[in-house]
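Residue numbers start at 1 and run along the sequence shown.
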Amino acid sequence: MKIEDIIRKKGADVVTIAPAATVAELLDLLAKHNIGAVVVSDDGTTIGGIVSERDVVRRLASQGAAVLGEAVSSIMTADVKTCGLEDSLESTAQTMTYGRFRHLPVTNEGKLVAIISIGDVVKNRIDQLTDERNHLLEYLHT
């Protein structure tokens with residue numbers, strides 16, 4: 001299974017935020033869309049960074065509530081790992097697991113087209129394994 005197959009099933013909606021937006025605005029956006037991470041982008045197609053709930057919590061712990069007025073760019077991860085539409089589910093799962101991150105932007109020809117979460121990867125892997133199991137059981141019973 002390729003990442004493109006996952007995106008086709010779940011949709012390609014990507015929530016982005018401008019680097020100059022405040023952390024408080026970021027939190028509103030995360031809550032409004034019930035998501036855990038947002039791609040930081042000036043134009044919605046280029047990737048300037050990624051910022052997650054975890055980034056906010058770490059900064060709150062070290063700086064306190066003052067971080068809420070800071071720019072998202074001050075807490076984002078600028079070195080963003082991405083995957084492509086043609087990448088396999090297995091290689092993407094490895095990238096996310098060994099990189100210890102839960103959200104991965106998907107690019108095509110250098111432009112942001114989607115974002116996947118570790119939940120998306122796990123769900124689709126379970127679906128794959130269930131299908132394989134069902135095919136094997138069907139084969140054994142025929």
Side-chain angles (χ1 to χ4, degrees), residues 1-65 67-68 70-142:
M1 176 175 277
K2 295 182 180 179
I3 296 304
E4 183 176 32
D5 301 322
I6 296 172
I7 300 305
R8 194 175 304 119
K9 283 187 208 176
K10 79 169 224 128
D13 293 337
V14 183
V15 177
T16 63
I17 193 165
T22 66
V23 174
E25 291 170 319
L26 166 68
L27 291 174
D28 287 341
L29 195 62
L30 292 172
K32 177 182 175 186
H33 293 279
N34 196 28
I35 54 178
V38 174
V39 174
V40 181
S41 176
D42 281 317
D43 60 10
T45 61
T46 58
I47 300 171
I50 190 165
V51 63
S52 70
E53 297 165 321
R54 185 180 293 175
D55 296 319
V56 176
V57 168
R58 287 182 178 150
R59 284 298 179 96
L60 279 169
S62 66
Q63 294 179 342
V67 74
L68 297 175
E70 289 187 23
V72 168
S73 60
S74 71
I75 70 165
M76 73 181 189
T77 300
D79 182 23
V80 181
K81 304 289 185 221
T82 64
C83 66
L85 294 171
E86 295 297 314
D87 290 352
S88 72
L89 176 66
E90 291 80 10
S91 69
T92 302
Q94 284 184 336
T95 298
M96 294 176 87
T97 300
Y98 294 118
R100 299 187 55 85
F101 42 84
R102 299 177 293 172
H103 300 90
L104 194 62
V106 182
T107 59
N108 187 33
E109 297 179 2
K111 298 203 183 278
L112 176 66
V113 294
I115 189 167
I116 60 168
S117 70
I118 194 69
D120 298 326
V121 171
V122 169
K123 179 197 177 303
N124 282 279
R125 186 64 181 132
I126 289 171
D127 290 349
Q128 270 185 328
L129 293 171
T130 300
D131 286 347
E132 289 173 15
R133 180 186 146 271
N134 290 341
H135 289 316
L136 286 172
L137 287 172
E138 185 179 316
Y139 175 77
L140 289 173
H141 288 98
T142 56

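Between Ala37 and Leu30, the shortest heavy-atom contact is N-CD2, 3.7 Å. Nearest heavy-atom pair across Val80 and Pro105 is CG1-CG, 3.7 Å. Nearest heavy atom pair, residue Ala71 against residue Val23, reads O-CG2, 4.2 Å. Residues Leu68 and Thr22 come closest through the heavy atom pair O-CB, 3.6 Å.
Between the side chain of Asn134 and the backbone N or O of Asp131 there is no donor-acceptor pair closer than 3.5 Å. Judged by distance alone, with hydrogens and angles left aside, the side-chain atoms of His33 form no donor-acceptor pair with the main-chain N or O of Leu29 at under 3.5 Å. Remark: the backbone N or O of Ser74 is paired with a side-chain donor or acceptor of Arg59 at under 3.5 angstrom.
In summary, the side chains of Asp43 and Ser41 do present a donor paired with an acceptor at a separation below 3.5 Å, with no hydrogens or angles considered.
Between Asp5 and Arg8 there is a salt bridge, since a side-chain N of the basic residue sits under 4.0 Å from a carboxylate O of the acidic one.
The closest side-chain heavy-atom distance from Val67 to Glu70 is below 4.5 Å. A 4.5 Å side-chain heavy-atom check between Ile6 and Val106 finds every atom pair outside the cut-off. The shortest distance between side-chain heavy atoms of Leu104 and Thr92 falls below 4.5 Å.
Crowding of Lys9 atom NZ: a count of heavy atoms from other residues, nucleotides or ligands under 6.0 Å exceeding 12.
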